[in-house]
Amino acid sequence: MSRINLLSNNKIIFEHTLSTPWDVTTASLDRNSIYLPNSISSGYIEDLAFKPDGTKCYVLNRVTNYIHQFNLSTAWNISTGSLVTNLFV
């Protein structure tokens with residue numbers, strides 16, 4: 001793994017590059033990020049997951065019980081994400 005994504009303050013997903021795969025001590029912040037709309041980030045974002053090919057990102061809000069799906073026009077690049085759908089679970 002050479003990239004990790006971290007959620008900050010339930011509003012921004014930041015992408016980091018690892019210069020040594022799987023070693024988080026080598027992480028550096030990329031300029032790639034996505035700001036979550038208030039409608040998604042209200043409450044508590046519990047999880048973030050990606051489709052194995054990196055073209056979709058899923059965000060789970062534990063308070064609203066919605067899974068929000070983003071399409072990534074560039075695989076694994078969170079800054080290219082656009083909200084597609086919201087699924088109540």
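Atom set for the values below is all heavy atoms of this structure, side chains included, hydrogens, waters and symmetry mates excluded.
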Which distance, rounded to the nearest 0.5 Å, do you find between the [atom1] of [X] and the [atom2] of [Y]?
X: Asn5; Y: Ile78; atom1: CG; atom2: CD1; result: 5.5 Å
X: Glu46; Y: Leu60; atom1: CD; atom2: CG; result: 5.5 Å
X: Leu72; Y: Thr80; atom1: CG; atom2: OG1; result: 5.0 Å
X: Thr17; Y: Arg3; atom1: OG1; atom2: CZ; result: 5.5 Å
X: Arg62; Y: Asp47; atom1: CZ; atom2: CG; result: 11.0 Å

Open item on the list: My understanding is that only residues two or more places apart in sequence, or in another chain, count here; which of them pass ring pair (Phe, Tyr, Trp, His ring centres under 6.0 Å) with Phe70?
Closed with: none

Task: Cluster link Ile12 to Leu29, ILVMFWY, side chain under 4.5 Å - done: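 Yes; Leu29 is reachable from Ile12 via cluster members.
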
Task: Where Trp76 and Lys51 come nearest, the two heavy atoms and their spacing - done: CH2-O, 3.6 Å

TODO: Grab the two heavy atoms, one from Val59 and one from Ile13, that are nearest each other, plus how far apart they are.
DONE: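 Smallest interatomic distance, heavy atoms only, reads CG2-CD1, 4.1 Å.
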
Task: Side chains of Asp23 and Leu18 in contact at under 4.5 Å (non-hydrogen atoms) - done: no

Task: Heavy-atom side-chain contact between Lys56 and Phe50 under 4.5 Å - done: no

TODO: Mark yes or no for whether Ser33, through its side chain, and Phe14, through its backbone, hold a donor-acceptor pair below 3.5 Å.
DONE: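 Checking the backbone N and O of Phe14 against the side chain of Ser33, no donor-acceptor pair under 3.5 Å is found.
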
Residues 81-89, side-chain donor-acceptor partners within the protein, below 3.5 Å, at least two apart:
unit_1	atom_1	unit_2	atom_2	d
Asn86	OD1	His68	ND1	2.5

